[in-house]
Amino acid sequence: MDCLFCKIINKEIPSNIIYEDKQILAFDDIDPKAPIHKLIIPKKHITTTNDLQANDGSLIGAMLILATDLAKKLDIAEPGYRMVMNCNADGGQAVYHIHLHLLGGRSLHWPPG
Ligand code: 5GP
Ligand code: ZN
């Protein structure tokens, strides 16, 4: 399958990996939108959040908990951070393998301009 993030999982494309286990990979975003910008992805290919199944709950939960652990380790838990998952064109999804953005290290305003 021609998927950028599957290639990162398979180490066919280099990335700065900060966490890896059997089901999840986390790495630096190549074009950070904040001083801290990490991506947390499932190793299983899931194209969009529309494709999530009921039995993916524990996987998504593990991704969310990992993001909060990383936030604590990166000292952004107290000042705060944003977690984002974009879906399809209107959601701004560019890579069609689901990913959780962890953004922090500056004040993040909402809604975006
Ligand atoms: P999306 O817009 O799909 O929610 O987010 C995709 C993210 O992947 C973007 O923040 C973009 O900077 C990041 N990205 C795109 N290509 C690469 C890459 O080759 N390596 C890494 N580490 N991040 C990438
Ligand atoms: Zn993929």
Side-chain angles (χ1 to χ4, degrees):
M1 184 187 307
D2 193 24
C3 168
L4 176 66
F5 285 175
C6 282
K7 287 178 181 161
I8 286 180
I9 290 162
N10 293 329
K11 318 277 163 64
E12 292 164 35
I13 291 175
S15 67
N16 186 27
I17 293 170
I18 56 166
Y19 177 86
E20 179 166 17
D21 66 22
K22 268 171 65 177
Q23 55 176 4
I24 296 174
L25 190 73
F27 52 96
D28 290 330
D29 195 291
I30 204 167
D31 180 19
K33 315 301 187 296
I36 290 170
H37 188 172
K38 312 296 183 190
L39 298 173
I40 295 112
I41 67 174
K43 287 191 170 174
K44 174 171 96 165
H45 180 90
I46 301 172
T47 305
T48 80
T49 51
N50 291 332
D51 301 304
L52 286 169
Q53 307 294 316
N55 64 5
D56 289 321
S58 65
L59 175 60
I60 296 300
M63 288 167 58
L64 204 94
I65 298 296
L66 173 63
T68 65
D69 285 345
L70 292 173
K72 287 170 194 159
K73 290 194 174 100
L74 295 165
D75 286 328
I76 56 170
E78 288 313 315
Y81 53 87
R82 179 172 298 153
M83 295 189 283
V84 178
M85 293 184 84
N86 297 322
C87 183
N88 278 339
D90 279 4
Q93 185 173 5
V95 179
Y96 281 78
H97 177 132
I98 64 164
H99 46 281
L100 177 63
H101 296 259
L102 172 66
L103 297 140
R106 67 171 170 83
S107 176
L108 296 158
H109 298 275
W110 191 264

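Atoms within each ligand, like the ligands themselves, are counted from 1 in listed order. Remember, predicted model here, so these are calculated numbers, not experimental data. Residue indices begin at 1 and follow the sequence shown.
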Chemist: Checking the side chain of H97 only, and the main-chain atoms of P42 only, is there a donor and an acceptor separated by less than 3.5 Å?
Modeler: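 Such a contact is found between H97 side chain and P42 backbone.
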Chemist: Which part of M85 is near ligand 1, with near meaning a heavy atom under 4.0 Å away: side chain, backbone, both or neither?
Modeler: neither
Chemist: May I have the angle between C6 SG and H45 ND1 with its vertex at the Zn ion (ligand 2), rounded to 10°?
Modeler: 110°
Chemist: Salt bridge or not for K72 and E78, using N-O below 4.0 Å?
Modeler: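 Here K72 does not pair with E78 in a salt bridge, since their nearest N and O are not under 4.0 Å apart.
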Chemist: Which bit of F5 is near ligand 1, meaning a heavy atom under 4.0 Å away: side chain, backbone, both or neither?
Modeler: side chain
Chemist: Under 3.5 Å between some N or O of ligand 1 and some N or O of V95?
Modeler: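 Between V95 and ligand 1, an N or O pair is found under 3.5 Å apart.
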Chemist: Backbone N or O of K7 within a donor-acceptor pair of the N10 side chain at under 3.5 Å?
Modeler: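 Side chain of N10 to backbone of K7, a donor-acceptor pair under 3.5 Å: no, none is there.
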Chemist: Say whether G92, considering both its backbone and side-chain N or O atoms, lies within less than 3.5 Å of an N or O atom on ligand 1.
Modeler: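 N/O-N/O distance below 3.5 Å exists for this pair.
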Chemist: With heavy-atom distances below 4.0 Å as the criterion, list the atoms of ligand 1 near L4.
Modeler: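 Near L4, the atoms of ligand 1 are 16 (N), 17 (C), 19 (O).
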Chemist: Nearest to atom 7 (C) of ligand 1 by heavy atom, I98, I41, D29, D28: which?
Modeler: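 The residue whose heavy atom sits nearest atom 7 (C) of ligand 1 is D29.
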Chemist: Have a look at the Zn ion (ligand 2) and estimate, to 10 degrees, the angle subtended by SG (C3) and ND1 (H97).
Modeler: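 Once rounded, the angle between the two atoms at the Zn ion (ligand 2) is 110°.
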Chemist: Within a distance under 4.0 Å of any heavy atom of A94, pick out the atoms of ligand 1 and give their elements.
Modeler: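 Near A94, the atoms of ligand 1 are 1 (P), 2 (O), 3 (O).
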Chemist: Using atom types as modelled and distance alone, determine if a side-chain donor or acceptor of Q53 lies under 3.5 Å from a backbone N or O of D51.
Modeler: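 Flag set: sc Q53 to bb D51 pair under 3.5 Å.
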Chemist: Are any side-chain N or O atoms of Q93 and backbone N or O atoms of V95, one a donor and one an acceptor, separated by less than 3.5 Å?
Modeler: yes
Chemist: Run the side-chain contact (heavy atoms from CB on, under 4.5 Å) test on V84 and N86 for me, step by step, so that the C-alpha distance in whole Å, both residues' side-chain angles and the decisive distance to 0.1 Å come before the verdict.
Modeler: CA-CA 6 Å; V84 178; N86 297 322; 3.2 Å; yes
Chemist: Can you measure from CD1 (I98) to CD1 (I41) and round to the nearest 0.5 angstrom?
Modeler: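 Answer rounded to 0.5 Å: 9.5 Å.
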Chemist: Apply salt bridge (charged side-chain N to carboxylate O under 4.0 Å, His left out) to the pair D29 and K38, showing each step before the final yes or no.
Modeler: CA-CA 5 Å; D29 195 291; K38 312 296 183 190; over 6 Å; no
Chemist: Which of the numbered atoms in ligand 1 are below 4.0 angstrom from a heavy atom of Q93?
Modeler: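 Selected atoms, number and element: 3 (O).
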Chemist: May I ask you to list the atoms of ligand 1 that are less than 4.0 angstrom from any heavy atom of D31?
Modeler: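 Every atom of ligand 1 under 4.0 Å from some heavy atom of D31: 12 (O).
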Chemist: Find all atoms of ligand 1 within a distance of less than 4.0 Å from any non-hydrogen atom belonging to K33, and give their numbers and elements.
Modeler: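 Every atom of ligand 1 under 4.0 Å from some heavy atom of K33: 10 (O), 12 (O).
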Chemist: Hey, does the side chain of D21 reach the backbone of I24 with a donor-acceptor pair shorter than 3.5 angstrom?
Modeler: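 Here the side-chain-to-backbone pair exists.
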Chemist: Under 4.5 Å between side-chain heavy atoms, chaining through other members, with only Ile, Leu, Val, Met, Phe, Trp and Tyr counted: pull out the rest of the cluster around I65, sorted by chain and number.
Modeler: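 Members alongside I65: none; it stands by itself.
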Chemist: May I ask you to identify the nearest protein heavy atom to atom 21 (C) of ligand 1, giving residue, atom name and distance to one decimal place in Å?
Modeler: I30 CB, 3.4 Å
Chemist: Counting only heavy atoms, which portion of S15 has something under 4.0 Å from ligand 1: side chain, backbone, both, or neither?
Modeler: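 Neither part.
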Chemist: Classify the contact between L39 and ligand 1 as side chain, backbone, both or neither, using a heavy-atom distance cut-off of under 4.0 Å.
Modeler: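 The answer is the side chain.
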Chemist: Kindly work out whether a path of hydrophobic side-chain contacts (I/L/V/M/F/W/Y, heavy atoms less than 4.5 Å apart) joins L70 to M63.
Modeler: yes
Chemist: What about H99: any of its N or O atoms under 3.5 Å from an N or O on ligand 1?
Modeler: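 Yes; at least one N/O pair falls below 3.5 Å.
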Chemist: Using a strict cut-off of 4.0 Å, indicate which atoms of ligand 1 neighbour a heavy atom of H101.
Modeler: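 Counting from 1, the qualifying ligand atoms are 1 (P), 4 (O), 5 (O), 7 (C), 10 (O).
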Chemist: Could you see which bit of I8 sits under 4.0 Å from ligand 1, with heavy atoms only: side chain, backbone, both or neither?
Modeler: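 The side chain, only.
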